[in-house]
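One structure below.
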Amino acid sequence: MKKITLLALVIFAGLINSIQAQYVIDFKHTADVYYSAKDFYSAAQYYNKALGTFKVKPEQILPYAVANAAPPSGKFKDYQQVVARLAESYRLYHDYGNAETWYSQVVGFNNPQYLQAKFWYGVCLRANGKYDEALIQLNDFKKNYTAADELTTRVPLEIASCEFALSEASKRPKYTITKVSGNVNEGGANYAPVVIDQNTLMFTSSRSEAPSLPGVTVKEADKRPKDRRGTPYVSDLYMANGNGSAFESSQKLKIPSTKGYDQGVSSISPDGNSLYMTRWTIKDGVKQSAIYLSTKENGVWSEPQKMGSNINADGYNSMQPYITADGKYLLFSSNRPGGMGKYDIWYCVMNSNTPGNARNMGTTINTKDEEQAPFYDAEKNLLIFSSNGRVGLGGLDFFQSEGDFGTWSAPVNMGKPLNSPKDDIYYSAIDNTHPFAEGFISSDRESVCCLEVFSIKRIRKVASGVILDCDTHQPLEGATITLLDTVRQKTVRTIKLDGSGRYSFEIDPQRFYKIVAAKDNYFTKSLYFNSEELNRIDSLDNPTLCLKHYEVEKPIVLNNIYYDFGKATLRLESKIVLDSVVEMLVDNPRVIIEMSAHTDSVGSDKANMKLSQARAQSCVNYLISKGIPSQRLIAKGYGKTRPVAPNSLPNHKDNPDGRQQNRRTEFKVLRKQMPALTDGTGENQSSQ
């Protein structure tokens with residue numbers, strides 16, 4: 001009986017060992033199943049468990065040590081595959097910290113099967129803000145990788161982005177950025193903020209729980225990827241109340257939802273009665289999305305209706321709608337045919353809630369990679385969108401471009417801290433009249449898994465200066481100072497000076513500006529400057545300007561105007577003085593002047609009159625050669641008829657000093673012509 005019992009125990013123990021062995025094998029098998037189904041979070045959990053089943057010598061798993069280790073056994077090859085799959089799984093659901101750790105082992109295997117791992121190791125280092133280390137890996141990959149594939153095409157962009165990020169480190173930030181407190185960033189992903197009014201924020205959140213997956217806890221599910229990559233939670237629209245960076249009382253927006261679909265990423269019409277939104281589902285790891293419209297009737301939102309083929313092309317995805325503040329354009333992102341690559345930005349001209357044909361933004365905006373989440377400021381003609389197809393800090397970065405749906409300027413990266421090594425998307429302004437002063441963005445910069453909502457506030461950038469009277473050198477109180485954006489050809493602001501004579505304007509970095517200082521009976525003066533320097537500092541002090549007083553028909557002497565002896569030929573030093581007249585005439589395009597020349601008493605009246613007329617004409621000709629219209633200029637020679645000092649002394653001897661004062665060149669304002677086209681300052685631009 002004891003033998004039977006012992007035999008039974010042996011058999012039972014063998015069975016247990018067999019079950020355990022089978023269970024060990026299932027870790028990798030289960031992970032592979034999740035990996036094939038593109039459930040990379042679950043795959044990573046099971047690959048981690050599978051690693052515990054291997055017995056591998058330490059020197060075989062240390063990064064870069066495998067080349068000196070003994071040839072791996074068959075089991076070690078399985079170990080390599082599990083590590084590689086684990087690194088891939090972490091990367092594919094954007095846990096770059098863990099992905100970096102495991103890729104560092106994969107590149108150490110020196111296995112030709114994993115040549116691409118060095119590229120992805122560099123990408124993970126970049127995503128973790130380790131740009132110097134990333135450059136080493138990416139440059140090494142570029143040097144040694146010979147295949148002609150997408151990675152070969154992508155690596156120059158990744159290298160350029162790392163170099164750009166390092167150059168950005170020396171620049172001063174343009175914004176402060178704060179994670180929104182309260183209960184906005186609560187559970188799942190929270191993103192795509194929309195400002196309803198100063199105290200109300202609408203956003204998309206995946207905090208609503210869907211049926212849980214087998215073997216996955218709620219806590220684990222909450223660590224899943226962002227909505228656009230798949231999540232076990234259902235996304236919906238929420239509203240929160242607050243201000244600044246603190247919002248509370250998040251409540252789901254009362255709008256009908258469809259079972260099996262997520263909804264959110266919305267935009268609301270200027271009148272507040274039309275809600276454009278994205279609805280999507282994820283099947284086999286592939287997102288299927290379309291844009292829907294809900295209208296408010298008697299304070300209640302209607303069942304969202306899928307918009308027509310102008311927006312939603314059959315078999316393709318459309319998402320992230322944005323209706324402009326004037327209601328004229330609906331912008332969205334789509335992978336529909338006719339684009340440049342993956343997702344492009346498109347737009348439709350709107351007729352009420354009816355969109356016209358979809359039009360691609362073109363190659364200036366779109367790349368072969370991802371362009372998403374458009375925001376457009378119709379007042380400043382500025383487009384903000386996110387892209388991972390351009391040089392940036394990494395992932396999706398914010399870019400801005402100026403345009404009017406006809407032409408667009410080359411997109412400019414908006415820099416840190418709006419952008420980070422991870423994904424930055426969904427720009428929203430608090431006030432459309434000042435779209436870059438304050439607003440919100442979404443980013444996963446502080447999260448392993450999910451987008452979160454951040455408030456942003458522009459750091460005040462100031463250009464200032466002083467305006468003086470050229471004669472008294474005192475502050476010119478009452479002068480009007482106008483700031484113009486020369487690229488957009490728009491007036492930014494106009495102020496009147498107080499007794500200090502000092503002006504101060506809040507401006508944007510990396511722009512070209514013109515300051516126009518004007519006052520009655522003073523010559524207007526302009527100053528051109530660009531604000532690129534404000535990337536490194538917060539304020540810019542412009543050179544002091546002085547305005548010259550004048551009276552109509554009262555001559556103003558131009559000192560240091562010289563001619564060759566007895567001739568009308570201008571000397572070089574005379575042209576320098578006349579250049580100041582050119583500048584004055586450009587700044588005062590309505591002014592018509594008389595340019596006059598005078599002689600001393602030596603010589604005949606006829607000869608002096610002829611010489612002075614020729615000299616006045618020489619000055620006028622020079623001004624014309626510099627682009628001043630001839631109809632604004634009159635040349636007049638007065639010979640010796642208008643002396644300002646005696647040509648001889650009381651004792652009838654020669655007076656050299658007096659004759660020198662009489663040999664002069666002057667100009668005077670005759671009148672101002674009526675204004676035609678203006679630049680917003682009241683000055684005629686037709687002659688510029």
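Values reported hereafter were calculated over all heavy atoms of this structure, with side chains retained and with hydrogens, waters and symmetry mates removed.
- With 3.5 Å as the limit, one finds a donor-acceptor pair spanning the side chains of Asp397 and Asn413.
- Within the 3.5 Å criterion, the main-chain N or O of Phe512 finds a donor-acceptor partner in the side chain of Thr486.
- Counting heavy atoms from C-beta outward, Thr258 and Glu303 have side chains that approach closer than 4.5 Å.
- Met361 places a side-chain heavy atom less than 4.5 Å from the side chain of Leu331.
- Contact of the Leu393 side chain with the Ser420 side chain is not registered, since no non-hydrogen atoms from C-beta on lie closer than 4.5 Å.
- Closest of all the heavy-atom pairs between Thr364 and Ser409 is CG2-O, 3.5 Å.
- The pair Glu370-Lys342 does not count as a salt bridge, with every side-chain nitrogen at least 4.0 angstrom from each carboxylate oxygen.
- From Asp404, atom CG reaches atom CG of Leu383 across 11.5 Å, with rounding to the nearest 0.5 Å.
- No side-chain donor-acceptor contact under 3.5 Å links Asp444 and Tyr191.
- Between atom OH of residue Tyr528 and atom CG of residue Leu484 there is a gap of 8.5 Å, rounded to the nearest 0.5 Å.
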- Query: Please walk me through it: do Tyr175 and Phe398 pass ring-ring contact (aromatic ring centres under 6.0 Å, His included)?
  - Reply: CA-CA 13 Å; Tyr175 289 83; Phe398 288 112; 9.6 Å; no
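- For the residue pair Ser269/Asp271, the side-chain donor-acceptor check at 3.5 Å is satisfied.
- We find the CG-OG distance between Asn190 and Ser447 to be 10.0 Å, quoted to the nearest 0.5 Å.
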- Applying side chain to side chain contact (heavy atoms under 4.5 Å, CB included), run through Thr204 and Asp236 and close with a yes or a no. CA-CA 6 Å; Thr204 304; Asp236 214 330; over 6 Å; no
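- Classified by interplanar angle (parallel below 30°, tilted 30° to 60°, perpendicular above 60°), the ring pair Phe332/Trp346 is parallel.
- Between Gly403 and Tyr376, the closest heavy-atom pair is O-OH, 2.8 Å.
- The shortest heavy-atom contact between Gly356 and Asn310 is O-ND2, 3.1 Å.
- The two residues Leu451 and Asp423 have their closest heavy-atom pair at CD2-O, 4.3 Å.
- In this structure, OH on Tyr292 lies 11.0 Å from OG on Ser318, to the nearest 0.5 angstrom.
- Between the OG atom of Ser387 and the CD1 atom of Ile345 there is a distance of 8.0 Å, given to the nearest 0.5 Å.
- Residues Gln400 and Ile384 are in side-chain contact: their nearest non-hydrogen atoms beyond the backbone lie under 4.5 Å apart.
- Annotation: Phe405 is in aromatic contact with Tyr347 [ring centroid separation under 6.0 Å].
- A donor-acceptor contact shorter than 3.5 Å is absent between the side chain of Ser235 and the backbone of Asp262.
- Enclosure of atom CG in Asp314 is not indicated, since only 12 or fewer non-hydrogen atoms of other residues, nucleotides or ligands lie within 6.0 angstrom.
- Exactly one residue among Tyr41, Phe40, Tyr90 makes a ring pair (Phe, Tyr, Trp, His ring centres under 6.0 Å) with Tyr35. That residue is Phe40.
- Counting only N and O atoms by type, the side chains of Asn351 and Thr354 include no donor and acceptor under 3.5 Å apart.
- A salt bridge links Arg511 with Glu402: the closest approach of a Lys/Arg side-chain nitrogen to an acidic carboxylate oxygen falls below 4.0 angstrom.
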- Mind running side chain to side chain contact (heavy atoms under 4.5 Å, CB included) on Leu275 and Leu253 for me, showing each step along the way? CA-CA 12 Å; Leu275 183 65; Leu253 183 66; 4.0 Å; yes
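- Cation-pi contact between Arg207 and Tyr238: present, with separation from the ring centre below 6.0 Å and deviation from the ring axis of at most 45°.
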- Worked verdict on Asp369 versus Thr367 for side-chain hydrogen bond (donor to acceptor under 3.5 Å, both in side chains): CA-CA 5 Å; Asp369 292 300; Thr367 70; 4.6 Å; no
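- Screening Lys461, Arg493, Arg458 for a side-chain hydrogen bond (donor to acceptor under 3.5 Å, both in side chains) involving Glu506 leaves a single residue, Arg458.
- Contact check for Tyr131 versus Arg126: side-chain heavy atoms found under the 4.5 Å cut-off.
- Heavy-atom neighbours of Lys142 NZ from other residues, nucleotides or ligands within 6.0 Å: at or below the threshold of 12.
- With contacts defined as side-chain heavy-atom distances shorter than 4.5 Å, the pair Gln263/Leu237 does not qualify.
- Using cut-offs of 30° and 60° for the angle between ring planes, the Tyr322 and Phe375 rings count as tilted.
- In the displayed structure, Lys328 atom NZ is contacted under 6.0 Å by at most 12 heavy atoms of other residues, nucleotides or ligands.
- For the pair Arg279 and Tyr261, the NZ or CZ position fails the cation-pi test of under 6.0 Å to the six-membered ring centre and within 45 degrees of the ring normal.
- Pairing each heavy atom of Phe440 with each of Ile456, the nearest pair is N-CG1, 3.9 Å.
- Separating the CH2 atom in Trp408 from the CG atom in Asn381 is a distance of 7.5 Å, to the nearest 0.5 Å.
- In this structure, Val123 and Arg154 have side chains that are not in contact, with every pair of non-hydrogen atoms separated by 4.5 Å or more.
- Leu418 places a side-chain heavy atom less than 4.5 Å from the side chain of Tyr427.
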